[in-house]
**Q** 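Below is a structure I'd like to ask you about.
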Amino acid sequence: MPEPLASEYLSVLNEQQKEAVIHEGSPLLILAGAGSGKTRVITTKIAYLIAEKQVPPQSILAVTFTKKAAKEMQERAVLLEPAASQSWIRTFHSFGAWFLRRYAEEACVDKNFTVYDEDDMTTLVGKAVPALSRQEAARAVHKISLAKDYCLMPDSKNLVQIESSPEFPAIYAAYEKRLRETGNVDFGDLIMRPVQVLEAYPEIQLQMQYRFRVIMVDEYQDSNVAQFKFLQALSGVQNGSDTYVCVVGDDDQSIYRFRGAEVQNILTFQQHFPGTQIIRLEQNYRSTSRILAAADSVVRSNKDRLGKTLRAVRGEGGQPVMVFLPGQDDEAMFCADLIMRAHEKGTPYRDWAVLYRTNAQSLEFETEFLHKKIPYTVVGSLKFYEREEVKDILAFAAFILNPRDEIAFRRIVNKPARGAGPKTQEAVIDAARAAAAEAAGAETGSETAASDAATGSLLQACRDAVAARTGKGGAVPKSVAGLNTFAGIAGELTEFLDGQTQPDVKLSEFISKIAERSGLSEYHAADDEISGTQRTANIQELINSAVLYPCSREGLIAYLDSIELDRTLEKPGDEPDADTVTLITLHNTKGLEFRRVIITGLEEGIFPRQDKSGDDLEEERRLFYVGITRAKDELYITSCGLRRLYGRTEYMHPSRFLAEAAGKDVFKLLGNVPPSFRAGSVGSAGFGTGGAGAGADPLAQKWRRGTRLYHDDYGYGQVMDASFIDGEFVITVAFESGGTKRFLPAYQKNHLVIVKD
DNA sequence: CCCGTCGTTATTTTT
DNA sequence: TAACGACGGG
């Protein structure tokens with residue numbers, strides 16, 4: 001087959017895209033607006049570099065944030081240039097995992113590490129600092145993760161900016177020590193530790209510079225400090241390396257500040273990569289122009305942006321619709337009706353996506369769609385891999401891979417019950433840690449630096465405990481018998497895995513064997529009988545998902561990585577091409593597009609979420625922008641007057657984002673449109689308006705500033721402020737208990753009474 | 001050691 | 001409202 005000519009794939013690009021593809025010689029920052037064809041640019045660039053610039057494909061590294069994006073990028077690059085199959089197109093985290101396994105010794109991790117999730121981390125913090133409650137431990141875990149996103153160690157001076165509590169550094173340090181004893185890593189380590197290795201070992205940095213000549217980063221606006229440092233260290237800019245660095249991002253789509261993403265990375269890129277050229281991609285190929293106008297009307301309220309104007313290539317299209325509904329049930333019904341009616345006219349379900357701010361909101365749609373027989377797929381929140389039975393099996397697999405894994409050990413040693421309770425577990429773990437410490441001490445001064453594989457092994461510690469108690473005569477305690485049973489099973493499974501010689505045996509055989517031999521299958525099957533759960537089916541699904549991997553240590557590592565490094569992965573067994581409506585959080589839509597999009601729950605407190613202001617509020621607004629720009633043909637926005645929240649029905653306000661956008665006359669308004677949104681009052685749409693006629697309203701007469709009152713739930717308080725917002729009379733009340741709340745007195749007759757002094 | 005009941009509490013967003 | 005943790009009984 002003849003090599004495709006560069007002109008063939010360049011000819012379909014616009015001028016800016018072409019410029020970005022053929023650019024060379026300096027760092028490059030591509031500011032790519034939504035739908036401007038950035039994936040096409042990156043993939044074409046990869047093909048171009050290989051075919052026209054003779055860059056070896058394996059020396060190209062392209063980094064994305066999600067596995068889905070990585071997969072798509074690789075597929076599209078390969079279509080343009082088959083040799084791109086050898087290029088490294090991966091997520092930041094899977095690249096970090098590869099790096100850590102390769103330099104395991106320098107990074108002080110076990111080569112066979114598995115990745116602890118938040119839950120595992122919390123357990124470990126709880127063990128490292130027993131004084132903490134589970135809740136406190138969870139809070140600490142959150143802060144530790146954030147610290148790692150910023151590459152901060154327990155002794156870093158700047159740690160106070162993450163968490164000012166004086167106890168925190170000690171908690172972090174204790175956790176870190178304990179984590180290292182297991183040899184495993186957490187999510188943050190996948191980026192932070194490679195950075196530390198690169199900074200500590202110049203020769204490794206040189207190896208990387210030699211190996212990767214081209215580094216590209218997608219979704220750069222969502223990179224965090226650790227990832228920035230990773231990029232810096234890999235490319236070796238400070239050392240004058242000529243590695244070609246190209247990052248692609250859109251500051252308007254930065255939505256991960258809460259987990260350490262730094263918009264500064266994109267805003268100050270030029271300063272850290274001197275000589276950077278900037279290319280803007282502003283032609284939008286995705287959406288019709290009225291949808292883009294809606295998007296622009298939203299994001300233009302943000303102050304902190306580089307500024308960019310999308311030009312629509314497609315036609316004007318239909319007018320986006322804003323719908324005001326009485327309650328969340330009506331919202332679900334509205335969506336269902338819309339989708340069903342379109343389906344009757346031939347629109348497939350897969351054209352539709354229903355977007356919401358929090359995962360919990362998916363429930364109303366699931367219920368309604370189930371009822372109306374509309375097929376749907378919930379993206380992301382599928383906690384398949386967090387289910388107890390699934391975690392149990394995976395923990396057993398992880399333990400066999402790394403028998404120092406304290407968390408996995410605790411989880412499975414006594415499941416099903418074998419008489420080895422917490423006290424026994426503690427003793428075994430302490431013994432293993434003592435053995436490891438002793439070995440480490442003995443090592444000092446001797447030249448046997450490589451750590452013994454059995455050192456600190458909990459499996460070995462179990463066997464030792466058994467050996468110490470048997471042969472002494474007398475009855476063997478139940479706990480020791482339990483450890484013996486467990487050690488027997490774990491030993492047998494380890495031998496099975498290591499004894500595999502035929503290459504065509506699938507890993508599913510091994511996973512299945514774990515389920516059977518561990519007794520976990522039976523244990524969970526019993527639960528199915530009693531509570532009618534799906535555990536056996538889930539275990540079977542898990543076993544099936546391992547069929548793609550070979551039955552070996554390497555295969556098992558790859559399998560566990562694939563699960564641990566991408567939680568958004570669809571549930572195994574879900575067919576990807578089914579004709580279903582997509583239910584998805586706004587965050588998860590990053591990089592996706594749909595013909596028809598419904599963004600739901602546009603209410604104050606929900607979206608934007610309560611207590612958002614300043615930079616956080618701007619991020620919420622960008623999230624709205626991301627949602628709008630997913631739509632190709634049709635866009636609907638819904639807002640409810642009532643919503644059930646914490647089991648209580650609350651009266652809701654339309655989101656301030658709606659007022660910001662409606663003033664521009666870009667939306668068609670439907671439903672119970674609040675007065676301030678109606679034609680004629682467009683100019684005054686927004687918050688803090690009203691005032692006129694307030695004195696005449698009976699409610700305003702009753703609830704004046706200073707009025708003392710009593711609320712059923714919150715107790716005694718005083719009206720601090722009273723005003724009309726969006727045509728509704730709202731009071732702000734300060735309670736004696738401390739908090740402040742806002743109410744709509746019109747709807748609080750049963751809960752709110754005036755008290756006379 | 002396992003099960004049930006009662007009371008409390010929680011909701012961002014995710015690699 | 002639902003889910004989970006603490007507690008107590010069997």
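Everything numeric in this text was worked out from a predicted model, so none of it was measured. Computation of the quantities below employed the complete heavy-atom set of this structure, encompassing side-chain atoms and omitting hydrogens, waters and symmetry-equivalent molecules.
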**Q** Quick one: which of dC2(B), dT11(B), dT14(B) gets closest to the side chain of His587(A)?
**A**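 Among the listed nucleotides, the one closest to the side chain of His587(A) is dT14(B).
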**Q** Is the distance between the ring centroids of Tyr625(A) and Phe657(A) under 6.0 Å?
**A**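 Ring-ring flag for Phe657(A)/Tyr625(A): false, centres at least 6.0 Å apart.
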**Q** Specify the separation, in whole Å, of atom CZ of Arg418(A) and atom P of dC1(B).
**A**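 Rounding to the nearest Å, CZ of Arg418(A) and P of dC1(B) are 13 Å apart.
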**Q** So does Thr585(A) get a side-chain nitrogen or oxygen closer than 4.0 Å to the phosphate oxygens (OP1/OP2) of dT12(B)?
**A**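 The answer is no; no side-chain N or O of Thr585(A) sits under 4.0 Å from OP1 or OP2.
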**Q** Can you tell me whether the side chain of Arg644(A) and the base of dT1(C) have a donor-acceptor pair closer than 3.5 Å?
**A**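 Result: no qualifying N/O pair found.
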**Q** Measuring to OP1 and OP2 of dT12(B), would you say a side-chain N or O of Asn359(A) lies under 4.0 angstrom away?
**A**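 Asn359(A) to dT12(B) OP1/OP2: no side-chain N or O under 4.0 Å.
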**Q** On DNA chain B, nearest-nucleotide positions of Leu623(A) versus Gly419(A): which is more 5'?
**A**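 Residue closer to the 5' terminus by nearest nucleotide: Gly419(A).
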**Q** Between His524(A) and Asp392(A), do the side chains contain an N or O donor and an N or O acceptor separated by less than 3.5 Å?
**A**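 The answer is yes; a qualifying pair exists.
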**Q** Check every strand shown and say whether Phe92(A) touches a base, only sugar-phosphate, or nothing at a heavy-atom separation below 4.0 Å.
**A**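 No contact.
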**Q** Starting at the 5' end of DNA chain B and moving along, which residue's nearest nucleotide shows up first, Gly421(A) or Thr64(A)?
**A**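 Looking at the nearest nucleotide for each, Gly421(A) comes out on the 5' side.
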**Q** dC1(B) C1' sits how many Å from Lys423(A) NZ, rounded?
**A**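 Going from Lys423(A) (NZ) to dC1(B) (C1'), I get 16 Å.
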**Q** Looking at every strand, decide which applies to Gln610(A) at a 4.0 Å heavy-atom threshold: base, sugar-phosphate, or nothing.
**A**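 No contact at all - Gln610(A) keeps every heavy atom at 4.0 Å or more from the nucleic acid.
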**Q** Rounded to whole angstrom units, what separation is found between the NZ atom of Lys415(A) and the P atom of dC1(B)?
**A**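 Checked: the NZ to P distance equals 14 Å.
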**Q** Round to the nearest Å and state the distance from Glu618(A) atom CD to dT13(B) atom P.
**A**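 Going from CD in Glu618(A) over to P in dT13(B) covers 22 Å.
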**Q** Would you confirm whether Arg630(A), through its side chain, and Leu592(A), through its main-chain N or O, come within 3.5 Å as a donor-acceptor pair?
**A**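 Side chain of Arg630(A) to backbone of Leu592(A), a donor-acceptor pair under 3.5 Å: yes, one is there.
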**Q** Measure from the side-chain heavy atoms of Ala360(A) and tell me the nearest of dT11(B), dC2(B), dT13(B).
**A**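 So the side chain of Ala360(A) is nearest to dT11(B).
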**Q** Mind calculating the distance between CD (Gln425(A)) and P (dC1(B)) to the nearest angstrom?
**A**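 Rounding to the nearest Å, CD of Gln425(A) and P of dC1(B) are 9 Å apart.
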**Q** With a 4.0 Å cut-off, would you call Arg411(A) and Asp405(A) a salt bridge?
**A**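 The answer is no: the pair does not qualify as a salt bridge.
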**Q** On a whole-Å scale, what distance lies between the P atoms belonging to dA6(C) and dT11(B)?
**A**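 Pairwise P distance, dA6(C) against dT11(B), rounds to 16 Å.
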**Q** What heavy-atom pair brings Gly601(A) and Ile606(A) nearest, and what distance separates the two atoms?
**A**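 Closest pair (atom of Gly601(A), atom of Ile606(A), distance): O-CG2, 3.5 Å.
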**Q** Please report the distance, rounded to the nearest Å, between OH in Tyr116(A) and P in dT14(B).
**A**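 Distance, rounded to whole Å: 25 Å.
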**Q** So what does Arg357(A) touch, heavy atoms closer than 4.0 Å: a base, only the sugar-phosphate, or nothing?
**A**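 Counting heavy atoms under 4.0 Å across all strands, the contact made by Arg357(A) includes a base.
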**Q** Work out how far the P atom of dC4(C) is from that of dT13(B), and round it to whole angstrom.
**A**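 That atom pair is separated by 15 Å.
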**Q** Are side-chain N/O atoms of Glu219(A) and Gln221(A) paired as donor and acceptor at under 3.5 Å?
**A**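 Yes.
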**Q** Rounding to a whole Å, what distance do you find between Glu388(A):CD and dG5(C):P?
**A**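 Those two atoms, CD and P, are 11 Å apart.
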**Q** Contact class for Phe258(A) (heavy atom, under 4.0 Å): base, sugar-phosphate, or nothing?
**A**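 Answer is base: heavy atoms of Phe258(A) come under 4.0 Å of a base.
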**Q** Specify the separation, in whole Å, of atom CG of Asp186(A) and atom C1' of dT14(B).
**A**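 Taking CG of Asp186(A) and C1' of dT14(B), I get 15 Å after rounding.
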**Q** From the set dT11(B), dA10(B), dT13(B), return the single nucleotide nearest to any side-chain atom of Gln135(A).
**A**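 Selected nucleotide: dA10(B).
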